[in-house]
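Numbering of residues begins at 1 and proceeds along the displayed sequence. Everything numeric here is computed off the predicted structure, so don't read it as measured data.
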Amino acid sequence: MDRGKFAAGVALALVWSMPAWAKDVVIHDGRMIEVESGQVREKVSIVIKDDRIVAIEPGYVAPAAGGETIELTGQTVLPGLIDSHVHITQGWHKIDPIRLAVTRTSYQDAIAAVGFARNTLLAGFTSVRDAGADINVVVALKREIDDGTIPGPRLWVAGPALGPTGGHGDPANGLLPEFAELPHWNSSLVDSPEQAREAVRRLHRQGADLIKLMPSGGVMSIGDDPSLQLMADDEIKAAVDAAHALGMKVAAHAHGKLAIDHALTLGVDSIEHGSYADAGSYKLFRQTGAYLVPTMLVGMKVYERARTHPEQLNPSTAEKALVIGPLLQKNLHDAYAAGVKIAFGTDTFGLSDHGENAQEFALMTGAGMSAIDAIRAATLNAADLLGAGNDVGSLRPGHYADLIAVSGDPLGDVRVLEHVNFVMKGGVVIKAGGKPL
């Protein structure tokens with residue numbers, strides 16, 4: 001064995017696994033974006049102790065004795081980014097999802113997710129909310145990241161989405177009826193308030209941080225209609241009440257207006273997609289304080305696939321995608337103009353690669369958002385939606401030392417966020433000079 005390569009491998013493993021305890025670091029920023037005010041400060045020092053920011057100082061200050069200085073004087077520094085809607089265990093966008101459902105195991109998903117998590121972190125996303133995965137796989141992934149065993153973003157996880165038989169989250173849709181009898185495929189199906197309440201409590205026991213509901217039909221599923229509400233109000237309410245009683249937030253996949261409006265009225269914390277929302281829906285968003293997570297990247301990807309290669313999708317998906325894709329952009333434009341709170345989310349699961357998350361920014365500004373508000377959606381707003389605004393989403397004393405740096409000015413061109421040069425998570429440098437460490 002090449003001893004040099006072996007030593008390098010050991011060193012890399014230590015970088016990933018060792019926490020940043022008893023470490024003083026000062027980062028010299030050329031420019032720093034204060035996401036709260038939208039102001040850009042020049043020549044600023046970020047003072048870090050262990051895994052937290054302890055001070056933001058004007059000018060370039062020296063670290064404490066024995067401390068380290070990181071020079072980012074030619075870069076623009078901003079908080080680590082947050083994607084509020086990913087599926088970190090899913091990929092393989094060139095393979096038929098029906099085939100995957102009956103050939104791929106959760107063990108394979110767990111192994112592949114290690115690479116997906118690493119790619120997401122290297123792209124500058126230091127926190128993500130996983131909105132649907134095998135609960136055992138995604139909780140294990142979260143815990144191993146937290147323990148420093150593998151690299152990845154901070155994870156908030158939902159486990160499998162809860163929805164009705166025949167709805168968007170029914171794994172047996174599009175398959176032979178016999179598959180509906182598989183016990184592990186029925187664990188996320190809820191067809192009564194009692195089942196919804198029990199499912200929420202079970203997921204909490206298994207380690208979920210939030211609950212994902214499927215009130216409406218979807219695009220990638222077969223045979224259901226995105227414009228219709230498929231989950232009954234009493235089922236939604238039982239799930240929301242049970243989740244909130246346990247301190248968990250609730251995300252609702254909802255395309256149709258009826259599902260959006262009812263889910264908002266019943267107390268969900270965010271609407272994912274929101275395609276058919278209208279002025280009345282936006283009023284409910286403002287009244288309830290719920291967030292819209294617009295997920296335009298996935299909408300654009302599936303729309304382009306349906307337009308150029310419909311044979312790669314099942315006919316039901318292709319037909320729906322051609323309608324829903326353009327609606328997502330219109331919805332974000334109208335919701336933003338109406339003062340709805342927006343949180344960044346891509347719905348990355350295979351149609352876009354893990355690590356391409358920042359492509360959502362250009363779609364957001366293309367729909368009418370200002371660059372600073374798009375960045376706030378992926379920092380302050382997303383942190384608030386996670387319930388973690390005291391830890392992530394901003395560069396301020398007391399927060400985790402999660403930050404990124406880019407060349408150029410993202411307030412002038414948000415696409416520079418697609419090319420992150422420097423990533424720090426919890427005081428540990430993950431990427432520098434555009435290369436992983």
Q | Pairwise side-chain contact, P79 with V392, heavy-atom cut-off 4.5 Å (strictly under) | A |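 No - every pair of side-chain heavy atoms lies 4.5 Å or more apart.
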
**Q.** Validation row: S127, W156 side chains within 4.5 angstrom (heavy atoms)
**A.**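 S127 vs W156: side chains touch.
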
Decide if atom [atom1] of [X] counts as having more than 12 heavy atoms of other residues, nucleotides or ligands within a radius under 6.0 Å.
X    : atom1 : result
R41  : CZ    : yes
H333 : NE2   : no
E68  : CD    : yes

Distance alone, cut at 3.5 Å: any donor-acceptor contact between the side chains of [X] and [Y]?
X    : Y    : answer
N357 : T120 : no
H253 : E272 : no
H273 : T295 : yes
T76  : R31  : yes
D83  : T346 : yes

Q.
Which residue in the set D146, D391, D402, T126 passes side chain to side chain donor-acceptor pair (under 3.5 Å) when paired with R154?
A.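 So, applying the side chain to side chain donor-acceptor pair (under 3.5 Å) to R154 and each of D146, D391, D402, T126, only D402 qualifies.
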
Q: Before accepting this row, confirm whether a basic side-chain N of the pair D50/K23 lies closer than 4.0 Å to the acidic partner's carboxylate O.
A: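 No, D50 and K23 are not salt-bridged.
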
Q.
Between R396 and E36, does any NZ, NE, NH1 or NH2 come within less than 4.0 Å of an OD or OE carboxylate oxygen?
A.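 Between R396 and E36 there is a salt bridge, with a charged N closer than 4.0 Å to a carboxylate O.
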
Q: On the 0 to 90° scale, with breaks at 30° and 60°, tag the F344-F361 ring pair as parallel, tilted or perpendicular.
A: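 Ring orientation, 0 to 90° scale: tilted.
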
Please report, to 0.1 Å, the donor-acceptor pairs under 3.5 Å made by any side chain of residues 134-145, with sequence neighbours excluded.
| from | atom 1 | to | atom 2 | distance (Å) |
| --- | --- | --- | --- | --- |
| D134 | OD1 | N136 | N | 2.9 |
| D134 | OD1 | V137 | N | 3.2 |
| K142 | NZ | D209 | OD1 | 2.8 |
| K142 | NZ | D209 | OD2 | 2.8 |
| E144 | OE1 | T149 | OG1 | 3.0 |

Review item, side-chain donor-acceptor pairs of residues 430-437, under 3.5 Å, at least two apart:
| from | atom 1 | to | atom 2 | distance (Å) |
| --- | --- | --- | --- | --- |
| K431 | NZ | L122 | O | 3.1 |
| K431 | NZ | V420 | O | 2.9 |

